[in-house]
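We're numbering straight along the sequence, starting at 1.
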Amino acid sequence: MQIVDIFERLRNGETVPAGDPEAYKLREASFATKKLLLQMNSADDPAEVRNLLSQITATEIDENTAVFTPLYINYGKNTKIGKNVFINFDCVFLDLGGITIEDNVQIAPKVSLLSEGHQIAAKDRQSLVPGHIHIKRNAWIGANATILAGVTIGENSVVAAGAVVSKDVPDNCVFGGIPAKMLKHIE
């Protein structure tokens, strides 16, 4: 029986059990990303930041996208960033489960996008559970918000500062709190 590549399994939403024979590939990829992150996070030229982020994500980063470093990413190849996106200082992207950021999204400082987690049962806690995060057009993620695995943030929606979002956010609304809940609709 042939083992499917660990990255493909994660992209497909499969839980990777503890002791997986390909787990070493996750660490290797993370350290390769870290080398590029060190360069990117010390760069002072926006074009150089975009170029290095393009290498990290293996996709072209739009010239109208701005990233204020530092930015921390554990893998990078599962992050897709649209056009005219703004990512502020000190954000964390754990993207083994996949992160899609559509056009015109604004991400405030210290936002965490965590597309992977672990089982609750202690005996299974070392397993890696992926869940794709999707941030739709024109969304705004407030400072120090955390978006958990498997969540979609709706088009034009706002996530309030400090929120912990564990459920999908509909289009055109404001979500906030811990756990985040609907605060109001946006006209």
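Interatomic distance, I61 CD1 to Q55 CD, rounded to the nearest 0.5 Å: 11.0 Å. Here N156 contributes atom CG and R137 contributes atom CZ; the two are 7.5 Å apart, rounded to the nearest 0.5 Å. We find the CD1-CG distance between I147 and L113 to be 6.5 Å, quoted to the nearest 0.5 Å. Atom CG in L52 sits 9.0 Å away from atom CG in L37 (nearest 0.5 Å). Considering CG of D45 and CZ of R50, their distance stands at 7.5 Å, rounded to 0.5 Å. Atoms CD and OG, from E48 and S54 in turn, are 12.0 Å apart once rounded to the nearest 0.5 Å.
Minimum interatomic distance between N74 and E116 (heavy atoms only, all atoms of both residues): ND2-OE2, 2.9 Å. The two residues S127 and Q119 come nearest to each other via the heavy atoms CB-CG, 4.0 Å.
Here D90 pairs with K110 in a salt bridge; the nearest charged N to carboxylate O distance falls below 4.0 Å. The pair R9-E22 counts as a salt bridge, with a side-chain nitrogen and a carboxylate oxygen less than 4.0 angstrom apart.
Side-chain N/O atoms of Q106 and N88 include no donor and acceptor closer than 3.5 Å.
In the hydrophobic clustering of ILVMFWY residues, with side-chain heavy atoms under 4.5 Å counting as a link, V151 and L94 come out apart. The hydrophobic clustering, which links ILVMFWY residues whose side-chain heavy atoms are closer than 4.5 Å, places I133 and L96 apart. M40 is not connected to F89 by any chain of hydrophobic side-chain contacts under 4.5 Å among Ile, Leu, Val, Met, Phe, Trp and Tyr, and they are in different clusters.
The main-chain N or O of A149 is never found under 3.5 Å from a side-chain atom of S115 such that the two would form a donor-acceptor pair. Of the possible polar contacts, none joining the K181 side chain to the I178 backbone as a donor-acceptor pair under 3.5 Å is found. Side chain of D168 to backbone of T152: a donor-acceptor contact under 3.5 angstrom is found. For the pair T79 (side chain) and I99 (backbone), a donor-acceptor distance under 3.5 Å is absent.
The environment of NZ in K34 is sparse: at most 12 heavy-atom neighbours from other residues, nucleotides or ligands sit within 6.0 Å. A 6.0 Å sphere centred on CG of N12 holds more than 12 heavy atoms belonging to other residues, nucleotides or ligands.
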Next on the checklist: Please determine whether side chain to side chain donor-acceptor pair (under 3.5 Å) holds for the pair N84 and D103, giving the CA-CA distance in whole Å, both sets of side-chain angles, and the decisive distance to 0.1 Å.
Outcome noted: CA-CA 6 Å; N84 197 40; D103 297 346; over 6 Å; no

Checklist entry - After noting the C-alpha distance and the side-chain angles of F7 and Y75, does the key distance pass the ring-ring contact (aromatic ring centres under 6.0 Å, His included) rule? => result CA-CA 10 Å; F7 297 104; Y75 177 54; 4.6 Å; yes

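Between F86 and F68, the ring centre distance stays below 6.0 Å.
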